[in-house]
Amino acid sequence: MKVLVIGGGGREHAVCKKLAQSPRVDSLLCAPGNAGIAQVARCVPEVKATDIDGIVALAKREQVDFVCVTPDDPLALGCVDRLEAEGIPAFGPSAQAAQMEASKIFSKNLMKKYGIPTAKSEIFEDMNAALSYLDTQSAPIVVKADGLALGKGVVVAQTIDEAKQAVIDMMQGGRFGKSGARVLIEECMFGREVTVLCFCDGKTIVPMRASQDHKRVFDGDRGPNTGGMGAFAPSPLYTPEIAARTEAEILLPTLAAMNAEGITFKGVLYVGLMLTAEGPKVVEYNARFGDPETQAVLPLLDSDLMEIMLAVREQRLADMDIRWKEGAAACIVLASGGYPGHYEGGKVISGIEAAEAQGATVYHAGTKKAEAGFVTAGGRVLGVTALGATLREAVEKAYAASDAIHFEGAHKRLDIGSRDL
Ligand code: AMP
Ligand code: GLY
């Protein structure tokens, strides 16, 4: 098969590497891709992930047999619907199903209606109503923009004044454009966070190995939120008891709720959980693989990802035997100095081969090929993943390999996984 993957980050590098291992895949394309993905796929940098017309045209021109749509924006823009309407098989939810991520109000209403455990929350379309409501509440409290906002549409406010400022920024400042036209104000939940990525074909939902992300930029969960500074799997917090409860109280009810609403979700459902004193509750759904969780989870997959994607699209997931490797995986993200704020690109990267010689896998997120070799070209630059018999071994190996990599201003957290070791 000739397969096209949409996207160009570390997550897409992990998806491409896994697909490249499949005996079913003869040829791999990626749009736009990146310098690392170019080692396993033919990249088409001029077709951006949000260019739906360009993606459809590329798929036709190249006569691809299958498209994997990985990022949130093209899914919300109906990329899978368009491809399928053209007769091109595609992996990922329809635009309607992708609302699970693209509209926090949509998913919150779904959870409310079907009694799926989550934070209590109120929806506001009017700024003054939201501000008056805040006068009746106490902090900490959470303010969320409705739509996609690159992970920056959530403020966990420590004071009511901070919450009011967030409401004003989102609803008046226009910082989030249409995404902030409606906001949610919700109860603050307390507990540890776990990510459960699930393959879902609309009939069956199959959780992958549970993982943990590290969203803050600095050690000890300090500093601003980022796209994710590291991840590991499996999560020791996701015990068999928690897993059973999550399946019974959240995963199966979510599948049933979507079906009751006439939504056939085919793709990866990302379930972000908070393990509260009352049990697991949903923080958010996403309609795709997580980044960087995927760079820790997919290396543990022992089955053929292409076969799974085909089964999801054809609603044959119940017949699949999805196997996982023993042991653990950890991914350390190397970021540009200054990220998630301002940072400079074009820094020469050394040591990638040395890191891989230690048995690690280096996923490219924001790199470019220049005359001097790979140079930085993004906030998150690389993800270094290692496997180990235990979480401790995986983390130690990933750090040892990441120490071989250098570029000016490189920043990494030094405590990935350490809270759970
Ligand atoms: P989201 O974009 O919905 O994943 O939110 C980003 C982060 O904000 C989450 O990973 C949580 O750490 C935090 N968060 C979101 N909602 C809540 C909530 N209701 N209570 C506490 N923390 C939250
Ligand atoms: N790692 C968080 C996300 O992919 O949304």
Side-chain angles (χ1 to χ4, degrees), residues 10-11 14-15 18 100-101 116-118 189-200 204-215 221 227-255 265 267-303 305 308 312 317 320-333 383 385-395 398 415-421:
R11 167 184 60 193
V15 168
K18 203 76 204 172
M100 292 294 284
E101 169 168 11
I116 296 164
T118 186
M189 298 185 286
F190 298 94
R192 302 290 309 280
E193 286 182 57
V194 173
T195 300
V196 186
L197 303 173
C198 304
F199 293 113
C200 181
T204 305
I205 187 161
V206 180
M208 305 181 210
R209 287 288 181 256
S211 54
Q212 286 172 235
D213 188 7
H214 296 67
K215 287 201 167 93
D221 291 328
M229 292 298 296
F232 62 84
S235 164
L237 302 174
Y238 200 68
T239 59
E241 293 72 36
I242 297 284
R245 244 187 113 168
T246 301
E247 183 142 350
E249 295 172 19
I250 294 173
L251 304 184
L252 295 173
T254 299
L255 178 62
F265 189 103
V268 173
L269 184 70
Y270 172 126
V271 183
L273 295 178
M274 184 84 79
L275 306 182
T276 73
E278 294 110 61
K281 294 188 182 183
V282 177
V283 179
E284 62 165 344
Y285 296 112
N286 292 320
R288 51 168 176 81
F289 280 110
D291 190 338
E293 289 97 324
T294 303
Q295 294 90 304
V297 172
L298 281 188
L300 292 172
L301 178 64
D302 212 16
S303 298
L305 181 62
I308 298 172
V312 165
L317 197 50
M320 294 292 289
D321 172 28
I322 299 179
R323 290 177 314 275
W324 297 91
K325 295 185 178 121
E326 295 294 322
C331 174
I332 313 298
V333 169
T385 295
L387 301 182
T390 60
L391 176 58
R392 181 176 298 278
E393 190 185 323
V395 167
D415 65 345
I416 301 303
S418 65
R419 251 183 107 174
D420 295 290
L421 285 177

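Residue numbers start at 1 and run along the sequence shown.
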Would you indicate whether the side-chain heavy atoms of [Y] and [X] approach each other to under 4.5 Å?
X	Y	answer
Met320	Val206	no
Leu300	Pro234	yes
Ile116	Tyr285	yes
Pro117	Ile250	yes
Tyr238	Leu273	yes
Val268	Phe199	yes

In Å, rounded to the nearest 0.5 Å, how long is the span from [atom1] of [X] to [atom2] of [Y]?
X	Y	atom1	atom2	value
Asp420	Phe232	CG	CZ	4.5 Å
Arg192	Met274	CZ	CE	11.0 Å
Ile308	Ser303	CD1	OG	5.0 Å
Thr390	Leu421	OG1	CG	8.0 Å
Met229	Asp221	CE	CG	11.5 Å
Ser211	Glu193	OG	CD	11.5 Å

Counterpart residues, salt bridge (Lys or Arg N to Asp or Glu O under 4.0 Å), relative to [X] (two or more places apart):
X	result
Glu326	none
Arg288	Glu101
Asp302	none
Lys18	none

Least distance between heavy atoms, [X] atom then [Y] atom:
X	Y	value
Gln295	Cys331	CB-SG, 3.8 Å
Asp213	Gly228	OD1-CA, 3.5 Å
Ala210	Val196	CB-CG2, 4.4 Å
Leu275	Pro280	CD2-CB, 3.9 Å
Pro253	Glu247	CD-O, 3.7 Å
Ala231	Pro292	CB-O, 3.8 Å

Would you confirm whether [X], through its side chain, and [Y], through its main-chain N or O, come within 3.5 Å as a donor-acceptor pair?
X	Y	result
Arg11	Phe289	yes
Thr385	Ala296	no
Thr276	Met189	no
His214	Gly417	yes

Which residues satisfy the side chain to side chain contact (heavy atoms under 4.5 Å, CB included) test with Thr118, sequence neighbours excluded? Lys108, Met111, Val282
Take Leu237 and Ile242 through the test side chain to side chain contact (heavy atoms under 4.5 Å, CB included) and record every step on the way to the result. CA-CA 8 Å; Leu237 302 174; Ile242 297 284; over 6 Å; no
Less than 3.5 Å apart, any donor N or O on the side chain of Ser235 or Gln212 sitting next to an acceptor on the other? yes
Intermediate values then yes/no, side chain to side chain contact (heavy atoms under 4.5 Å, CB included), Ile322 and Leu301: CA-CA 8 Å; Ile322 299 179; Leu301 178 64; 3.7 Å; yes
Step by step, would you call Thr254 with Ile205 a side chain to side chain contact (heavy atoms under 4.5 Å, CB included)? CA-CA 9 Å; Thr254 299; Ile205 187 161; 5.7 Å; no
Which residues pass the side-chain hydrogen bond (donor to acceptor under 3.5 Å, both in side chains) test with Thr246, sequence neighbours left out? none
Checking side chain to side chain contact (heavy atoms under 4.5 Å, CB included) for the pair Thr195/Tyr270: CA distance, chi angles, key distance, verdict? CA-CA 7 Å; Thr195 300; Tyr270 172 126; 3.4 Å; yes
